[in-house]
Amino acid sequence: MLQIHNNLTKKKEVFTPIVPGKVSLYVCGMTVYDLCHVGHARVMIVFDVVTRYLRASGYDVTYIRNITDIDDKIIARANENGESITTLTERFIAEMHQDADALNVIRPDQEPKATESMADIITMIETLIKKGFAYAADNGDVYYDISKFESYGKLSGRNIDELRSGERVAVNEAKEDPLDFVLWKAAKPEEPSWDSPWGPGRPGWHIECSAMSSRCLGEQFDIHGGGQDLQFPHHENEIAQSEGAHGCQSVNYWMHNGFVRIDDEKMSKSLGNFFTVREVLAKYSAEVIRYFILTSHYRSPLNYSDESLEQAKSALTRYYTSLRDVVGKEAIVWQDDNVFGQRFADAMDDDFNTALAMSVMADVRQALNKQKDAEQASYLAGLLYSFGDVLGLFQQEADAFLLGDQKDNESEKIEALIEARNTARAEKDWAKADQVRDEIVAMGIILEDNAGKTTWRKS
RNA sequence: GGCUGCGUGGCAGAGUGGUCAUGCAGCGGACUGCAACUCCGUUAACGCCGGUUCGAUUCCGACCGCAGCCUCCA
């Protein structure tokens with residue numbers, strides 16, 4: 001029985017979908033003005049695994065991840081670069097897809113864009129005004145009046161008084177209350193804009209998610225995800241908008257993933273302490289990054305370091321080493337295995353505890369290494385691949401992981417050297433054999449002599 | 001300042017009122033010409049101080065430390 005930590009109630013709850021057998025999932029995606037960093041990779045991978053596991057559990061999942069393609073930063077960056085916002089956003093959408101694909105993240109069912117949702121956004125703002133939750137200011141802005149939404153603060157656990165005490169925003173004259181937030185921003189000269197009943201302008205950040213989630217999934221849906229930093233104000237405001245407009249609970253389960261940190265500090269654009277996915281991919285394979293991210297529970301902070309990535313790489317190498325020698329790939333359904341499969345399910349059912357699930361995989365790997373019977377070994381390997389399908393691991397051929405680029409570049413040379421070494425070994429010329437091996441090691445290759453056969457992998 | 005969360009062995013990271021996490025690394029051994037791989041064995045931890053309890057890393061309270069949110073941020 002799947003349990004999810006629901007941030008709305010701050011408790012682990014049994015997951016019950018609105019429609020039996022179906023799950024509607026909305027995740028806040030990227031603002032596309034720059035390359036994705038490791039923090040973005042975490043969101044993509046975490047909810048990729050959530051989706052994979054829900055599907056493996058038999059649910060028909062509709063997964064929506066939006067793209068924010070209009071906002072202040074985008075406008076600023078486009079101006080800096082001297083290009084149109086569309087040129088900028090299209091470029092970074094392509095870059096994002098490239099990273100997501102590299103990380104083996106399954107594409108969401110839909111990726112709605114803010115700029116393609118203007119009609120829905122405007123309709124929703126009109127509804128909010130009509131229902132008294134919002135007001136148009138003299139300057140063409142439209143604001144949400146948070147005093148009208150009684151349960152404002154229920155997600156982030158704040159009340160309006162607390163927010164006032166922590167207030168440090170310069171008061172915007174057009175707002176009736178400094179805590180009110182903008183739904184529609186009147187366009188300044190030269191800014192990209194869309195026509196609206198309040199004049200040309202563009203949507204505030206929060207309204208797009210309310211409009212797109214209800215269009216794609218309905219007024220009420222099962223799970224809403226995103227990074228922890230979106231909890232306030234973004235998701236709080238989303239609730240105020242959606243529930244104000246529709247008059248019903250909008251989301252049943254809120255899930256927020258923890259941050260990626262560097263030296264115990266949040267990795268973020270504003271702090272400038274981030275690594276892009278591109279940078280990390282230059283050093284480590286995508287699967288190593290994915291493995292690293294899944295070693296911790298999704299709600300915990302995750303400290304990024306070379307040491308951790310190296311550990312992930314070593315662990316993954318051991319898996320592929322074990323899988324490499326198994327002949328054939330048996331199609332196993334892990335749900336049918338009532339020992340390891342049950343433990344795996346228990347772990348994943350417990351709020352997607354991937355760290356615990358991976359310890360089950362480690363036990364399977366050890367059982368596989370010990371297994372002398374080929375049929376049993378094949379079964380265990382199949383089980384490992386089956387778990388891997390849920391976590392998005394072991395999706396490549398073992399050789400592709402272990403040999404990497406070397407396979408294409410230098411394999412002939414390596415094979416020749418191995419043969420030379422084995423000739424020397426046959427003649428018991430150990431000095432020569434070791435000398436050849438040193439040469440191979442210098443190429444970044446590690447040799448393994450197994451059962452009369454020498455195999456190699458990159459170090 | 002307000003609110004939230006966290007503090008586990010060398011590192012990473014789960015979990016539990018009393019007996020095993022797991023991974024990486026280390027140590028001893030088997031295997032190997034030597035290594036590597038693999039296997040066997042093994043070391044070692046629960047921030048600090050009180051309380052509850054027969055017993056607490058696990059529950060409660062104080063303290064210390066760290067992080068996050070309160071402003072754009074995944």
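Sequence lines set the chain letters: A, B, ... in the order given, protein chains first and strands last, and positions in each chain run from 1.
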Task: Distance, P atom - from B:U4 to B:G13, rounded to whole angstrom - done: 25 Å
TODO: Report the residue (A:Asn353 or A:Ser359) whose heavy-atom-nearest nucleotide on RNA chain B is the more 5′ of the two.
DONE: A:Asn353
Open item on the list: Could you check whether the side chain of A:Gln311 and the base of B:G23 have a donor-acceptor pair of N or O atoms closer than 3.5 Å, going by distance alone?
Closed with: yes
Open item on the list: Does this structure show an ion pair linking A:Asp109 with A:Arg65, if we count only N-O contacts that are shorter than 4.0 Å?
Closed with: no
Open item on the list: Less than 4.0 angstrom from a charged side-chain N to a carboxylate O is my criterion; do A:Lys185 and A:Asp71 meet it?
Closed with: no
Task: Spacing between A:Ile45 atom CD1 and B:A74 atom P, to the nearest angstrom - done: 16 Å
Open item on the list: Would A:Glu208 and A:Arg202 count as a salt bridge (charged side-chain N to carboxylate O under 4.0 Å, His left out) here? Give the steps.
Closed with: CA-CA 10 Å; A:Glu208 66 174 71; A:Arg202 62 196 152 88; over 6 Å; no
TODO: Report which part of the nucleic acid A:Gly157 touches: base, sugar-phosphate, or nothing (heavy-atom distance under 4.0 Å, all strands).
DONE: sugar-phosphate
TODO: Let me know the distance between CZ of A:Arg343 and C1' of B:A21, rounded to the nearest Å.
DONE: 9 Å
Open item on the list: Taking B:U16 as the reference, what is the distance to B:A21 when you measure between their C1' atoms (whole Å, please)?
Closed with: 10 Å
Task: Short N-O contact, A:Lys154 and A:Glu243, less than 4.0 angstrom - done: yes
- [ ] Give a yes or no on whether a donor-acceptor pair under 3.5 Å exists between the nucleobase atoms of B:C11, that is its base, and the side chain of A:Glu307.
- [x] no
Open item on the list: Under 4.0 Å from OP1 or OP2 of B:C24: is there any side-chain N or O of A:Thr295 that close?
Closed with: no
Task: Between B:C24 and B:G17 - P atom distance, rounded Å - done: 28 Å
TODO: Using a heavy-atom cut-off of under 4.0 Å over every strand shown, decide if A:Ser268 touches base, sugar-phosphate, or nothing.
DONE: base
Open item on the list: For RNA chain B, report each stem as range with range, ordered by first number, or say none. Use Watson-Crick or G-U wobble pairs under 3.5 Å, at least 3 in a row.
Closed with: B:1-7 with B:64-70, B:10-12 with B:22-24, B:26-30 with B:38-42, B:49-51 with B:59-61
Task: Pairwise 5' ranking along RNA chain B for A:Thr31 and A:Lys10, keeping only the more 5' one - done: A:Lys10
Task: A:Phe47-A:Tyr63 aromatic ring centre distance below 6.0 Å - done: no
Open item on the list: For a quick check of understanding: with a heavy-atom distance under 4.0 Å over all strands, which category does A:Arg158 fall into, base, sugar-phosphate or nothing?
Closed with: base
Task: A:Asp101 with A:Arg107: basic N within carboxylate O range, under 4.0 Å - done: yes
Open item on the list: What's the gap between B:A35 and B:A74 when it is taken at their C1' atoms, as a whole Å value?
Closed with: 45 Å
Open item on the list: Please check this pair: side chain of A:Asp351 against backbone of A:Lys12, looking for a donor-acceptor N/O pair closer than 3.5 Å.
Closed with: no
Task: A:Asp264 CG to B:C6 C1', straight-line distance once rounded to whole Å - done: 11 Å
Task: Contact under 4.0 Å: A:Lys266 side-chain N or O vs B:C69 OP1/OP2 - done: yes
Open item on the list: Between B:C39 and B:A25, how many Å separate the two P atoms, rounded to a whole number?
Closed with: 12 Å
TODO: Please work out if A:Phe292 contacts a base, only the sugar-phosphate, or nothing of the nucleic acid, heavy-atom cut-off 4.0 Å.
DONE: nothing
- [ ] Could you run through nucleotides 29-42 of chain B and give me one letter per nucleotide, 5' to 3': B if any protein heavy atom sits under 4.0 Å from the base, S if only the sugar-phosphate is that close, - if neither?
- [x] ----BBBBBSSS--
- [ ] Pick base, sugar-phosphate or nothing for A:Val27, based on heavy-atom distances below 4.0 Å to the nucleic acid.
- [x] nothing
- [ ] Answer with base, sugar-phosphate or nothing: what part of the nucleic acid does A:His234 contact at a heavy-atom distance below 4.0 Å?
- [x] nothing
Open item on the list: For A:Glu397, is the CD atom crowded, meaning more than 12 foreign heavy atoms sit under 6.0 Å from it?
Closed with: no
TODO: Taking atom P in both B:A36 and B:C31, compute the distance separating them and give it to the nearest angstrom.
DONE: 15 Å
Open item on the list: Rounding to an integer number of angstrom, what distance separates B:C6 and B:U42 when you compare their P atoms?
Closed with: 34 Å
- [ ] Decide, yes or no, whether a salt bridge links A:Arg343 with A:Asp346 under the criterion of side-chain N to carboxylate O below 4.0 Å.
- [x] no
TODO: Select base, sugar-phosphate, or nothing to describe what A:Gly258 touches, counting heavy atoms under 4.0 Å on all strands.
DONE: base
Open item on the list: In whole Å, measure the gap between the C1' atoms of B:G55 and B:G68 for me.
Closed with: 36 Å
Open item on the list: Quiz question: by atom type and distance under 3.5 Å, do the side chains of A:Glu238 and A:Ser210 form a donor-acceptor pair?
Closed with: no
- [ ] May I ask you to test the A:Leu316-A:Phe401 pair for a side-chain heavy-atom distance under 4.5 Å?
- [x] yes
